Amino acid sequence: MDFYTNPLSPNCRKVDAVAKQLGIDLNVKLIDIRKGENREPAYLAINPNGKIPTLVDGDLTLWESNAIQCYIASKKDNDLWPKSNLRYDIMKWQAWELAHFGAAGRGLIFQRIVKQILNIGPADEARCAEDEANFKRFGAVLDNALKGKRFVCGDQLTLADFCLASTLTFAEHAKFPVADFANIRRWVASLDEQPGWRASKPPPM
Ligand SMILES: N[C@@H](CCC(=O)N[C@@H](CS)C(=O)NCC(=O)O)C(=O)O
């Protein structure tokens with residue numbers, strides 16, 4: 001399976017962590033966004049959004065990190081993507097991450113990290129304030145859901161943990177307001193015990 005990715009991308013990390021946790025080999029094809037490789041015609045032919053990640057497995061070309069998580073986890077029997085009704089809870093968190101929690105986090109990452117890297121001006125403080133407010137609003141939902149639980153969906157590590165935690169990859173750097181969220185901080189630190197999560201950590205920026 002060809003995996004078009006970059007180790008600095010939180011969305012790619014969602015997938016990478018799953019592959020590494022399950023011992024599934026992916027043929028890594030590095031895409032450098034800074035060089036615009038994601039906008040080259042050959043790449044747009046497999047992902048017209050010009051975004052990473054993308055997975056190509058024979059006839060199947062798949063984009064959207066959460067769909068790719070499910071696809072590769074379906075290659076083996078495992079608890080990350082169980083065949084029980086827990087699946088729907090996992091899908092709920094994957095959708096929620098894209099729409100709410102991750103959207104706020106990605107906004108802060110863009111303003112406070114990506115703009116600096118691409119040299120496209122200072123962080124827009126009004127946008128940061130809006131993203132921080134959304135991060136706090138939705139972070140409270142996750143923090144509450146984690147109360148008394150080891151993982152997001154209960155005692156079992158699932159795709160939902162890697163999906164949601166990927167948003168927090170640059171939490172310190174992008175100054176996410178996590179101070180009030182003790183359950184989130186405890187849970188994300190505990191994921192370092194998971195070999196796939198550890199191995200998918202990005203190199204220092
Ligand atoms: N919803 C997509 C989002 C993918 C995405 O935004 N990827 C970022 C890297 S984390 C990207 O490719 N950015 C480059 C761009 O938008 O030009 C997914 O989950 O796969």
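Note that ligands are numbered from 1 as they come in the structure, with each ligand's atoms numbered from 1 the same way. Since this is a predicted model, take the numbers as computed values, not measurements. No hydrogens, no waters, no symmetry mates; every other heavy atom, side chains included, goes into these values.
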Using 4.0 Å as the upper bound for N to carboxylate O, is an ion pair formed by [Y] and [X]?
{"X": "R13", "Y": "D16", "result": "no"}
{"X": "D131", "Y": "R112", "result": "no"}
{"X": "K115", "Y": "D124", "result": "no"}

For [Y], does its backbone N or O pair with a side-chain atom of [X] as donor and acceptor, under 3.5 Å?
{"X": "D57", "Y": "M1", "result": "no"}
{"X": "N183", "Y": "L146", "result": "no"}
{"X": "K76", "Y": "L22", "result": "yes"}

Within the 4.0 Å heavy-atom sphere of ligand 1, strictly under, residues: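 Around ligand 1, where the cutoff is 4.0 Å for heavy atoms, the contacting residues are S9, P10, N11, I33, N38, R39, G50, K51, I52, P53, E64, S65, L98.
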
